[in-house]
Amino acid sequence: GAGVSQSPSNKVTEKGKDVELRCDPISGHTALYWYRQRLGQGLEFLIYFQGNSAPDKSGLPSDRFSAERTGESVSTLTIQRTQQEDSAVYLCASSLGGGATDTQYFGPGTRLTVL
Amino acid sequence: QKEVEQDPGPLSVPEGAIVSLNCTYSNSAFQYFMWYRQYSRKGPELLMYTYSSGNKEDGRFTAQVDKSSKYISLFIRDSQPSDSATYLCAMTGAGSYQLTFGKGTKLSVIP
């Protein structure tokens with residue numbers, strides 16, 4: 001079946017602009033995660049959605065970052081007033097449930113470059 | 001000290017070699033340990049998953065966890081050029097969904 005998809009695959013923007021990144025999880029997966037991967041760094045947890053529960057936003061680095069999820073489907077990550085340090089690959093993952101034993105399936109990522 | 005330490009490499013080996021990849025960690029609450037493989041410009045994919053201490057084998061891949069030393073390893077036997085990728089260790093605690101990742105080790109297997 002279809003895996004996790006993300007769009008756009010690449011995004012180049014100017015400092016100060018807002019960007020919106022999209023994630024389509026695997027159908028039926030109740031849990032959705034956003035991660036950031038900076039060059040030469042491991043994946044940083046950003047936010048977690050599980051069903052209709054309140055999201056865990058503890059990993060969002062500043063109030064310029066926000067994310068929404070419509071039910072158990074598509075999610076968007078919005079970065080306002082982008083800064084050069086926001087340049088990274090933004091990865092989305094989904095899993096059947098939200099437990100430690102539920103495999104997270106990753107999308108290909110959106111490569112964001114802030115000029 | 002970061003929670004998870006992983007040598008970023010790069011590591012270059014000849015085809016057929018045995019590869020050893022390692023991570024150390026500091027959080028004794030971690031109980032679930034994973035290895036992800038990430039090809040260039042792709043998302044990570046789960047390769048191996050181990051609970052608590054011990055070994056797990058899957059084909060050419062063996063994952064080892066030593067909780068007493070807070071040290072995990074991934075061994076690749078008879079390495080192939082198709083194994084060339086970045087290998088990320090990840091771990092989490094019981095009842096948690098947050099994975100903590102290492103920086104990843106970039107591996108090149110030379111034909």
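Chain A is the first sequence line, chain B the second, and so forth, proteins listed ahead of strands; every chain is numbered from 1. Atoms considered below: every heavy atom in the structure, side chains included; atoms not considered: hydrogens, waters and symmetry mates.
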Identify which part of B:Pro44 has an atom lying under 4.5 Å from any heavy atom of chain A, answering side chain, backbone, both or neither.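 For B:Pro44, the contact with chain A is made by backbone and side chain together.
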Could you tell me if the side chain of A:Pro61 sits less than 4.5 Å from the side chain of A:Leu46, heavy atoms only? yes
Any non-hydrogen side-chain atom of A:Cys23 less than 4.5 Å from a side-chain atom of A:Leu77? no
Are B:Leu88 and A:Val4 connected into the same hydrophobic cluster when the rule is that any two of I, L, V, M, F, W, Y join if their side-chain heavy atoms are below 4.5 Å apart?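 No.
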Rounded distance [0.5 Å steps], OG1 in A:Thr82 versus CG in A:Leu112: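 Rounded to the nearest 0.5 Å, the OG1-CG separation comes to 7.0 Å.
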Could you grab the distance from atom CD of A:Gln80 to atom OG of A:Ser62, nearest 0.5 Å is fine? 9.0 Å
What part of A:Leu91 gets closer than 4.5 Å to chain B, counting heavy atoms only: side chain, backbone, both or neither? side chain
Can you pull every donor-acceptor pair closer than 3.5 Å across chain A and chain B?
| unit_1 | atom_1 | unit_2 | atom_2 | d |
| --- | --- | --- | --- | --- |
| A:Gln37 | OE1 | B:Gln38 | NE2 | 3.1 |
| A:Gln37 | NE2 | B:Gln38 | OE1 | 3.0 |
| A:Asp56 | OD2 | B:Tyr97 | OH | 2.5 |
| A:Asp56 | OD2 | B:Gln98 | NE2 | 3.3 |
| A:Ser58 | OG | B:Gln98 | NE2 | 3.4 |
| A:Ala100 | N | B:Ser96 | O | 3.2 |
| A:Gln104 | NE2 | B:Tyr97 | O | 3.3 |

Do the side chain of A:Ser75 and the main chain of A:Glu68 share a donor and acceptor less than 3.5 angstrom apart?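 Confirmed, A:Ser75 side chain pairs with A:Glu68 backbone.
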By side-chain contact (heavy atoms from CB on, under 4.5 Å) - contacts of A:Thr70 (at least two apart): A:Ser73, A:Val74
